[in-house]
Visitor: 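Attaching a single structure in structure tokens format; questions to follow.
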2 protein chains.
Amino acid sequence: MLRERGLRLTPQRQLILEAVHELGHATPEQIHHTVRQRAAGVNITTVYRTLELLEDLRLVSHTHLSHGSPTYHRAGEDQHVHLVCRDCGSIDEVDPAVMLPVTEQLQRDRNFRVDVGHVSLFGVCGDCKEQP
Amino acid sequence: MLRERGLRLTPQRQLILEAVHELGHATPEQIHHTVRQRAAGVNITTVYRTLELLEDLRLVSHTHLSHGSPTYHRAGEDQHVHLVCRDCGSIDEVDPAVMLPVTEQLQRDRNFRVDVGHVSLFGVCGDCKEQP
DNA sequence: TTGCATGCAAAAACTTTGCATCATG
DNA sequence: CATGATGCAAAGTTTTTGCATGCAA
């Protein structure tokens, strides 16, 4: 995909994409930390630049979970909806199919096409509901 | 509500809450700008601290729209779901009822309670779909 | 009068930019 | 070997913190 666009395949880019896959959901800083374990010299700047690039290529996607930095995750075929617990911060994933009734209705009523791979739903997870 | 918790009602807090209501969806900086038109001395620090407080009290809520600062909006009775266009940045609001099928299923299957007032759905609005 | 709230300044956290050097294709 | 990519340093943004002062109750 990189070469198609006249771009270069570098070790840094490979490592960063691998880290996103391994971590599931991670901030630029967490990704940087993971990459550094394999290649100590990689700069945080490169992480930011590469994440932006990978997002352009639709290889990763990001969402904002409550406060702080955005988190990046794999994108593409196996999209998923995020369930973010506002109490414990856990991130669960569900099949985007759960959104179908909503996306269809919004398509009909508002002519709005929801980007399902980008959805994060805030709330309270089962564990936290039991411990108020 | 403030007094119930032993907190104080100050002009700054009133103005900030008013600004959130007037603006609909606004970043801390936009809120600060609006508040300053009525009271020039109000500090951005106070805006941040007050928004956090008002969120605690469930009087406002925030969501993250793509990149940049979070946006704050009124919360409480008249909750709404946000439709954010990734192309033109417009923010539309819809009745949270559209989410009912999803929230019910997640409640059943995952024991996850969705905070409907906090939902933002990314996608492409009708206007932008016609102009690629 | 009490102590919560504010303003100010400074620090912290996060992200972007410019430029010389490196290394992919 | 041309030019896209990286590392470094520095600047830009956004948010948080510490502390003295101010003011609501």
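Lettering of chains follows the sequences in order, A, B, ..., and the numbering in each one begins at 1.
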Visitor: Compute the bend angle of the helix from C:dT1-D:dA25 to C:dG25-D:dC1 from the end axes (five pairs per end), rounded to 10°.
Guide: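 Here the helix ends are tilted 40° relative to one another.
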
Visitor: If you take all heavy atoms of A:L51 and A:V60, which pair is closest and at what distance?
Guide: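 Shortest heavy-atom separation between A:L51 and A:V60 comes out as O-CG2, 3.9 Å.
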
Visitor: Using a side-chain heavy atom cutoff under 4.5 Å and only I, L, V, M, F, W and Y, what cluster partners does A:V94 have?
Guide: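 Via sub-4.5 Å side-chain contacts, A:V94 links to A:V81, A:L83, A:V98, A:M99, A:V102, A:L106, A:F112, A:V114, A:V116, A:V119, A:L121, B:V81, B:L83, B:V94, B:V98, B:M99, B:V102, B:L106, B:F112, B:V114, B:V116, B:V119, B:L121.
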
Visitor: Using a heavy-atom distance cut-off of less than 4.0 Å, which residues of residues 22-36 of chain A contact DNA chain D?
Guide: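 Within this stretch, nothing sits under 4.0 Å of the strand.
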
Visitor: How about CD on B:Q37, more than 12 heavy atoms from neighbouring residues, nucleotides or ligands closer than 6.0 Å, or not?
Guide: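 More than 12 heavy atoms, drawn from other residues, nucleotides or ligands, come within 6.0 Å of this atom.
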
Visitor: Quick check: closest heavy atoms across A:L15 and A:V35, and the distance to 0.1 Å?
Guide: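 A:L15 and A:V35 have their closest heavy atoms at O-CG2, 3.8 Å.
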
Visitor: Which pairs, with at least one residue in residues 82-108 of chain A and sequence neighbours excluded, count as a ring-ring contact (aromatic ring centres under 6.0 Å, His included)?
Guide: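 Listed once each, the pairs are A:H25-A:H82, A:H73-A:H82, A:H80-A:H82.
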
Visitor: Going by the rule salt bridge (charged side-chain N to carboxylate O under 4.0 Å, His left out), which residues pair with A:E93 if we only count those two or more places apart in sequence or in a different chain?
Guide: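 Scan of A:E93 (salt bridge (charged side-chain N to carboxylate O under 4.0 Å, His left out), adjacent residues dropped) gives A:R74.
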
Visitor: Got a sec? Which of residues 1-14 of chain A come in under 4.0 Å of DNA chain D, heavy atoms?
Guide: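 Residues of residues 1-14 of chain A that come under 4.0 Å of DNA chain D are, in numerical order, A:L7, A:R8, A:T10, A:Q12, A:R13.
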
Visitor: Linking Ile, Leu, Val, Met, Phe, Trp and Tyr by side-chain heavy atoms under 4.5 Å, what else ends up with A:I44?
Guide: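 Members other than A:I44 - counting any ILVMFWY side chain reachable under 4.5 Å - are A:Y48.
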
Visitor: Between atom OG of B:S90 and atom CG of B:D127, what is the distance when rounded to the nearest 0.5 Å?
Guide: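 These two atoms lie 7.5 Å from each other.
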
Visitor: Which is the 5'-most and which the 3'-most nucleotide of DNA chain D that has an atom under 4.0 Å from a heavy atom of chain B?
Guide: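 Listing 5' to 3', DNA chain D meets chain B from D:dT14 to D:dA25.
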
Visitor: Just list the side-chain donor-acceptor pairs under 3.5 Å for residues 5-14 of chain A, sequence neighbours left out, or say none.
Guide:
{"from": "A:T10", "atom 1": "OG1", "to": "A:R13", "atom 2": "N", "distance (Å)": "3.2"}
{"from": "A:R13", "atom 1": "NH1", "to": "A:R8", "atom 2": "O", "distance (Å)": "2.7"}

Visitor: Taking only residues two or more places apart in sequence or in another chain, which ones pass salt bridge (charged side-chain N to carboxylate O under 4.0 Å, His left out) with B:D92?
Guide: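 With sequence neighbours excluded, B:D92 shows a salt bridge (charged side-chain N to carboxylate O under 4.0 Å, His left out) to A:R110, given in chain and number order.
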
Visitor: Quick check: does any side chain N or O of B:T103 sit under 3.5 Å from a backbone N or O of B:L100, one acting as donor and the other as acceptor?
Guide: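 The answer is yes, because a donor-acceptor pair under 3.5 Å joins these two groups.
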
Visitor: Tell me, which pairs form a salt bridge (Lys or Arg N to Asp or Glu O under 4.0 Å) where one or both residues lie in residues 36-57 of chain B, sequence neighbours left out?
Guide: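 Of all non-adjacent pairs touching residues 36-57 of chain B, none passes salt bridge (Lys or Arg N to Asp or Glu O under 4.0 Å).
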
Visitor: Out of curiosity, B:T27 OG1 to B:H32 NE2, how far, rounded to the nearest 0.5 Å?
Guide: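 So the OG1 of B:T27 and the NE2 of B:H32 are separated by 11.5 Å.
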
Visitor: Once rounded to the nearest 0.5 Å, what's the spacing between atom CG of A:L59 and atom CD1 of A:I16?
Guide: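 One finds 12.5 Å between CG of A:L59 and CD1 of A:I16.
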
Visitor: Considering non-hydrogen atoms only, spot the tightest contact between B:P28 and B:S69 and give its length.
Guide: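 Here B:P28 and B:S69 meet closest at CD-CB, 4.4 Å.
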
Visitor: Please give me every residue in residues 37-59 of chain A whose heavy atoms get under 4.0 Å of an atom in DNA chain D, ordered by residue number.
Guide: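 Listed by number, they are A:G41, A:V42, A:N43, A:T45, A:T46, A:R49.
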
